[in-house]
Q: 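Next up is a structure, given as structure tokens.
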Amino acid sequence: MIRQGVIDWFQNTLESRKNSPETPIIVIMQRLHQDDLAGWLLGDRGVDMAGPPVAGGNGEVWENVCLPVWNEDETPLWPEKHNAEDLRRMEKAAPYVFAGQYRQRPAPPDGGVIQPDMLQLVEAIPTNVVEWCRGWDLGASASGDFTAGGRLGRMADGRFVIADMVREQYETNKRDALIKNTAVRDGRAHKQSLPQDPGQAGKSQVQAFAALLAGHSVHFSPESGDKVTRADPLSSQINAGNVVMVRGPWNKAFMDECRLFPFGKYDDQVDAAARAFNGLMHPQAGIFA
């Protein structure tokens with residue numbers, strides 16, 4: 001991975017070539033990703049540059065100077081170079097490029113591929129849901145990718161509801177227990193949709209999960225296309241205002257991930273929600289158990 005290669009070069013080459021411990025290092029760069037070199041160095045401040053100083057990836061607290069092209073009152077920082085009309089035109093034409101080069105953020109503030117502010121928050125699950133599916137994105141360790149499961153429903157009026165999201169960093173035993181217990185809470189009227197690994201490993205995985213979720217409606221299918229392509233049907237509905245979301249403590253983490261997608265550090269919740277949405281669409285290829 002190119003981003004990790006840059007971080008490795010910084011740690012293994014650049015830092016070792018300082019003349020003394022007091023030699024300053026100045027990093028000048030635009031933002032490309034939540035976990036690019038600047039984000040890694042800034043730690044928890046690496047997304048929007050907010051928050052108190054914290055030790056970043058190399059264990060040091062970095063002084064951050066961020067000069068976005070817009071002032072806080074949305075007037076141009078340097079009007080002699082770019083006036084407000086030009087900046088708005090540039091941002092509309094290429095929102096991700098503009099976010100990185102001009103706003104110094106890894107993604108547009110309103111979101112790019114997914115615009116989470118278009119999600120309408122509701123206090124309770126709508127009563128006109130006619131079909132449910134929970135999609136899963138699988139992790140396999142307590143320190144790596146998350147396991148996430150998003151519960152989506154299709155309403156009689158053609159809209160959709162995101163009702164719940166579970167997300168944990170678990171090794172396989174706890175992960176499988178999470179999936180089983182969540183399916184039991186959802187009830188047997190809910191379809192559970194899981195990704196299928198390729199080859200023989202995928203066949204064994206299907207058999208194991210089918211036994212784990214015996215009595216439930218379970219669908220398995222390989223992931224096809226890239227993450228953005230798989231998320232496109234859901235993102236189109238979100239951006240059109242056709243998706244509501246039940247208020248819950250998981251909302252912020254999900255919306256933050258949507259806003260940064262596909263340039264955020266994690267995309268497990270988006271992947272899970274996209275699988276659930278696609279699971280509500282018919283017909284589907286794959287294996288049903």
Side-chain angles (χ1 to χ4, degrees), residues 35 125 129 131-154 160-227 229-231 233-234 245-246 248-258 261-262 264-282 284-289:
D35 218 20
I125 295 173
V129 177
E131 185 179 10
W132 287 102
C133 181
R134 187 181 291 272
W136 289 94
D137 185 64
L138 305 180
S141 74
S143 59
D145 291 337
F146 284 83
T147 291
R151 179 189 179 205
L152 272 70
R154 179 173 61 86
F160 299 87
V161 56
I162 305 175
D164 179 54
M165 181 68 67
V166 295
R167 182 179 185 241
E168 298 287 352
Q169 283 178 305
Y170 280 161
E171 65 273 13
T172 54
N173 288 341
K174 286 187 175 181
R175 177 200 69 187
D176 293 354
L178 172 70
I179 293 172
K180 171 69 172 180
N181 294 338
T182 303
V184 170
R185 287 195 300 271
D186 287 345
R188 297 191 176 186
H190 287 58
K191 182 196 301 181
Q192 305 289 326
S193 180
L194 293 95
Q196 179 185 352
D197 290 337
Q200 186 59 43
K203 295 178 181 178
S204 299
Q205 184 184 48
V206 165
Q207 292 175 351
F209 275 120
L212 179 74
L213 299 173
H216 295 271
S217 174
V218 190
H219 172 255
F220 304 91
S221 63
E223 301 288 24
S224 60
D226 58 45
K227 292 177 179 292
T229 301
R230 297 198 302 269
L234 173 61
M245 181 169 65
V246 178
W250 51 272
N251 292 167
K252 184 180 185 303
F254 176 68
M255 293 181 69
D256 286 348
E257 189 176 295
C258 287
F261 182 80
K265 184 174 182 179
Y266 297 109
D267 49 27
D268 40 88
Q269 296 174 96
V270 173
D271 286 349
R275 172 167 279 273
F277 182 87
N278 295 333
L280 293 170
M281 301 293 99
H282 303 288
Q284 275 192 290
I287 300 173
F288 292 85

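Owing to the predicted nature of the structure, the values given are computational and were not obtained by experimental measurement.
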Q: Compare all side-chain heavy atoms of Asp145 with those of Asp268 and state whether any distance is below 4.5 angstrom.
A: no
Q: Judged by atom type as modelled, is there a donor-acceptor pair below 3.5 Å linking the side chain of Gln169 to the main-chain atoms of Gly144?
A: yes
Q: Once side-chain contact (heavy atoms from CB on, under 4.5 Å) is applied, do any residues pair with Ala231, and if so which ones, sequence neighbours excluded?
A: Phe261, Val270, Ala274
Q: With sequence neighbours left out, what residues match Arg230 under side-chain contact (heavy atoms from CB on, under 4.5 Å)?
A: Glu223, Lys227, Asp271
Q: So do Val184 and His216 actually touch side chain to side chain, heavy atoms under 4.5 Å?
A: yes
Q: Can you sort out the partners of Asp226 under side-chain contact (heavy atoms from CB on, under 4.5 Å), two or more places apart, ordered by chain and number?
A: Val228, Thr229
Q: Restricting to pairs with a member in residues 175-187, which pass salt bridge (Lys or Arg N to Asp or Glu O under 4.0 Å), not counting sequence neighbours?
A: Arg134-Asp186
Q: Given the rule in the side-chain contact (heavy atoms from CB on, under 4.5 Å) test, do Asp35 and Tyr266 qualify, once you have shown the distances and angles that lead to the verdict?
A: CA-CA 10 Å; Asp35 218 20; Tyr266 297 109; over 6 Å; no
Q: Please list, chain by chain and in numerical order, all residues satisfying side-chain hydrogen bond (donor to acceptor under 3.5 Å, both in side chains) with Glu131, sequence neighbours excluded.
A: Arg154, His282
Q: May I ask you to decide whether Asp137 forms a salt bridge with Arg275, counting only side-chain N to carboxylate O separations under 4.0 Å?
A: no
Q: Enumerate donor-acceptor pairs with a distance under 3.5 Å from any side-chain N or O in residues 202-210 to protein atoms, sequence neighbours excluded.
A:
{"unit_1": "Ser204", "atom_1": "OG", "unit_2": "Gln200", "atom_2": "O", "d": "3.3"}
{"unit_1": "Gln205", "atom_1": "OE1", "unit_2": "Asp197", "atom_2": "N", "d": "3.2"}

Q: I would like to know whether Ile125 and Arg151 meet side-chain contact (heavy atoms from CB on, under 4.5 Å); could you show each step before the answer?
A: CA-CA 11 Å; Ile125 295 173; Arg151 179 189 179 205; 3.6 Å; yes
